[in-house]
Amino acid sequence: MAAHRKPKQSPLGGQAVRTAATLALASAATTTLFEGSAHAEPRPTTAQVKAKVDRLYEEAEVATERYNGAKEKADEARASFDRLRDEAARRTQRLNTARDRLGAMAAAQYRSGGLDPAVRLALTSDPVEYLERAALAEKAGDRQAAAVTAVRRELGAIRQLRAESEGRLTSLREHETELRRQKAAVLDKLQAARTLLARLTAEERVRYEAATAGRDGTGGSAGAPDGTAASGGSAPVRADRSSGGERASVTAPNPRAAEAISFARAQLGKPYVWGATGPSGYDCSGLTQAAWRAAGISLPRTTYTQINAGQRVSRAQLAPGDLVFFYSGISHVGLYIGGGQMIHAPRPGAPIRVAPIDEMPFAGATRVS
């Protein structure tokens with residue numbers, strides 16, 4: 001009986017099944033679409049990109065100054081190691097000379113037979129001649145003793161130099177490791193900034209450049225000098241007009257400050273190059289170091305050492321030629337030229353330019369002349 005029963009019919013017909021399946025797929029697709037839209041990261045605005053890029057450039061500059069400091073220490077360690085190695089080579093040459101002299105004396109003694117002096121006196125037929133020879137032999141003995149002392153002294157000096165050289169070499173390797181680490185940090189920050197900027201459309205890039213130029217206080221002619229400081233005492237130094245409006249001429253307080261400003265003005269328009277000290281490009285501390293070197297004053301390499309290279313002055317006491325520093329980490333420096341303006345190397349992609357000192361968080365100032 002069971003074998004002859006008809007199969008149980010589905011409450012839905014074939015068409016109804018297909019319709020239900022279609023609706024289910026559509027519902028799933030719609031749900032997925034909404035879920036995907038809910039989780040999609042919104043496209044950042046130009047202002048947000050600029051804020052991120054500015055932060056990356058600031059972090060890159062911090063790493064650049066650390067790189068500069070590590071490079072300075074590595075250069076010093078290498079120079080010290082080279083001096084010790086050269087001194088060890090000179091000492092080794094003197095040691096070899098002393099050894100040769102000592103060997104010649106020993107050979108002469110061997111050839112003379114090395115008889116006891118009393119025996120020689122007993123055998124000689126001319127006591128006066130013997131005594132004269134004995135005096136010469138005593139002098140030769142003194143020279144031999146001095147040669148032995150010289151050999152011992154050079155051996156001790158060479159051992160000490162080698163120990164110092166090993167210490168310098170260890171220090172050099174540590175500084176070179178730090179150098180590579182800071183270089184990688186700089187390159188990572190710069191690459192991240194380039195990646196962000198590459199995502200901007202042409203229109204967004206125009207808005208970004210306009211916002212950046214506005215922050216820097218410069219227009220299209222920012223790279224052109226508006227005047228130079230004449231060499232000599234009270235040389236007038238004119239602020240750049242591209243920052244907006246005529247500014248009164250200011251006077252450098254002394255010939256050296258005038259020379260530093262004149263040098264910096266001659267670099268306007270050259271590119272920012274991280275880790276560079278000129279002449280084709282500079283980073284911020286490389287520019288101020290080169291400017292004051294042209295004026296006959298040697299500054300240390302980094303921002304956080306340059307700030308201690310002279311007398312600290314307040315913002316209200318600023319005079320042309322002063323070094324002005326920015327950010328809490330003292331990671332940026334410019335050369336003040338008066339009228340609230342400075343010459344500085346801003347960041348990658350922005351040339352050396354005149355800009356207002358209030359475009360970045362002011363951290364301090366130093367007078368080096």
Side-chain angles (χ1 to χ4, degrees), residues 58-83 168 171-172 174-183 185-186 252-264 266-267 270 272-315 317-337 342-347 352 357 360-369:
E58 181 184 346
E59 292 170 354
E61 195 157 41
V62 171
T64 296
E65 290 306 310
R66 289 175 181 165
Y67 169 88
N68 291 338
K71 186 175 187 305
E72 189 174 43
K73 290 178 181 177
D75 289 345
E76 290 171 356
R78 181 174 295 282
S80 179
F81 173 73
D82 289 343
R83 285 194 300 270
R168 289 292 187 275
S171 176
L172 173 59
E174 290 173 353
H175 291 312
E176 287 178 338
T177 298
E178 176 66 10
L179 196 63
R180 288 190 292 271
R181 191 174 73 84
Q182 295 300 338
K183 180 178 181 179
V186 173
N254 57 65
R256 283 183 166 176
E259 186 63 30
I261 294 172
S262 177
F263 178 92
Q267 313 313 307
K270 289 185 179 181
Y272 175 102
V273 179
W274 74 269
T277 56
S280 57
Y282 301 84
D283 62 20
C284 66
S285 57
L287 175 63
T288 51
Q289 184 188 49
W292 273 104
R293 185 190 300 119
I297 292 181
S298 178
L299 291 181
R301 177 65 181 92
T302 64
T303 53
Y304 47 83
T305 52
Q306 287 183 7
I307 196 171
N308 296 317
Q311 175 190 356
R312 295 287 188 94
V313 294
S314 69
R315 182 164 178 161
Q317 296 171 318
L318 284 175
D322 290 346
L323 301 177
V324 282
F325 299 87
F326 304 91
Y327 300 107
S328 59
I330 318 296
S331 59
H332 190 77
V333 62
L335 185 70
Y336 188 66
I337 59 173
M342 66 177 170
I343 296 174
H344 73 142
R347 56 177 175 76
I352 295 171
I357 64 171
M360 291 176 288
F362 186 82
T366 293
R367 185 162 299 154
V368 297
S369 58

Review point. So, for Phe325 and Val333, which heavy atoms are closest and what is the spacing to 0.1 Å?
Key: CE2-CG2, 3.4 Å
Practice item. Return each pair, listed once, that meets salt bridge (Lys or Arg N to Asp or Glu O under 4.0 Å) where at least one residue sits in residues 322-332; pairs must be two or more places apart or across chains. Key: Asp322-Arg367
Study note, to complete from the structure: Residues at least two apart in sequence or cross-chain that pass salt bridge (Lys or Arg N to Asp or Glu O under 4.0 Å) with Arg293, listed by chain then number, are none
**Study point:** Shortest non-hydrogen contact from Val273 toward Gly281
**Key:** CG2-CA, 4.0 Å
Review point. Between atom CD of Gln289 and atom OG1 of Thr302, what is the distance when rounded to the nearest 0.5 Å?
Key: 9.5 Å
**Study point:** Closest heavy-atom pair and its distance - Leu335, Ala264
**Key:** CD2-CB, 3.7 Å
Revision key, fill the gap. To the nearest 0.5 Å, atom SG of Cys284 lies from atom CD1 of Ile352 at 10.5 Å
Practice item. Check the pair Arg181, Glu178 against side chain to side chain contact (heavy atoms under 4.5 Å, CB included), reporting the backbone distance first and the verdict last. Key: CA-CA 5 Å; Arg181 191 174 73 84; Glu178 176 66 10; 3.1 Å; yes
**Study point:** Contacts of type side chain to side chain donor-acceptor pair (under 3.5 Å), residue Arg315, not counting sequence neighbours
**Key:** none
Revision key, fill the gap. Taken to the nearest 0.5 Å, the spacing of Ile307 CD1 from Thr366 OG1 works out to 5.0 Å
Check your understanding: Asp82: what forms a side chain to side chain contact (heavy atoms under 4.5 Å, CB included) with it, not counting sequence neighbours?
Key -> Arg78, Arg85
Point to revise | Chi angles and distances behind the side chain to side chain contact (heavy atoms under 4.5 Å, CB included) call for Gln311, Gln317 | key: CA-CA 11 Å; Gln311 175 190 356; Gln317 296 171 318; over 6 Å; no
Revision key, fill the gap. Tightest non-hydrogen contact, residues Ala319 and Pro253, listed as CB-CG, 4.4 Å
Check your understanding: Okay, side chain of Glu65, backbone of Thr303: is any donor-acceptor separation there less than 3.5 Å?
Key -> yes
Check your understanding: Quick one: salt bridge (Lys or Arg N to Asp or Glu O under 4.0 Å) partners of Lys73, sequence neighbours excluded?
Key -> none
Check your understanding: Which pairs count as ring-ring contact (aromatic ring centres under 6.0 Å, His included) when at least one residue sits in residues 273-310, sequence neighbours excluded?
Key -> Tyr67-Trp274
Exercise for review: Say whether, by atom type as modelled, one donor and one acceptor occur between the side chain of Lys270 and the main chain of Ala345 under 3.5 angstrom.
Suggested key: no
Exercise for review: Applying side chain to side chain donor-acceptor pair (under 3.5 Å), name anything that partners Thr288, two or more places apart in sequence or on another chain.
Suggested key: Gln306
**Study point:** Salt bridge Arg256-Glu259, side-chain N to carboxylate O under 4.0 Å
**Key:** no
Revision key, fill the gap. Value for CZ (Arg312) from CG (Leu323), rounded to nearest 0.5 Å, stands at 11.0 Å
Exercise for review: Output the distance between atom CG (Leu318) and atom OH (Tyr336), rounded to the nearest 0.5 Å.
Suggested key: 5.5 Å
**Study point:** Partner set under side chain to side chain donor-acceptor pair (under 3.5 Å) for Glu58, not counting sequence neighbours
**Key:** none
Practice item. Can you measure from CE (Met342) to CD1 (Ile337) and round to the nearest 0.5 angstrom? Key: 9.5 Å
Check your understanding: Do any pairs count as a salt bridge (Lys or Arg N to Asp or Glu O under 4.0 Å) and have a residue in residues 276-291, sequence neighbours left out, and if so which ones?
Key -> Asp283-Arg301
Exercise for review: Please identify each residue that fulfils side chain to side chain contact (heavy atoms under 4.5 Å, CB included) with Ser171, with sequence neighbours left out.
Suggested key: Ala77, His175
**Study point:** Which atom of Tyr327 lies closest to which atom of Ala363, heavy atoms considered
**Key:** O-CB, 3.2 Å
Practice item. Write down the atom of Val186, the atom of Ala60, and the distance for their closest heavy-atom approach. Key: CG2-O, 3.9 Å
Check your understanding: Taking only residues two or more places apart in sequence, or in another chain, which ones meet Glu174 in a salt bridge (Lys or Arg N to Asp or Glu O under 4.0 Å)?
Key -> none
Practice item. Begin from the C-alpha positions of Tyr272 and Thr64 and carry the test side chain to side chain contact (heavy atoms under 4.5 Å, CB included) through to its verdict. Key: CA-CA 12 Å; Tyr272 175 102; Thr64 296; 4.1 Å; yes
Point to revise | Pairing residues for Ser80 by the side chain to side chain donor-acceptor pair (under 3.5 Å) criterion, not counting sequence neighbours | key: Arg168
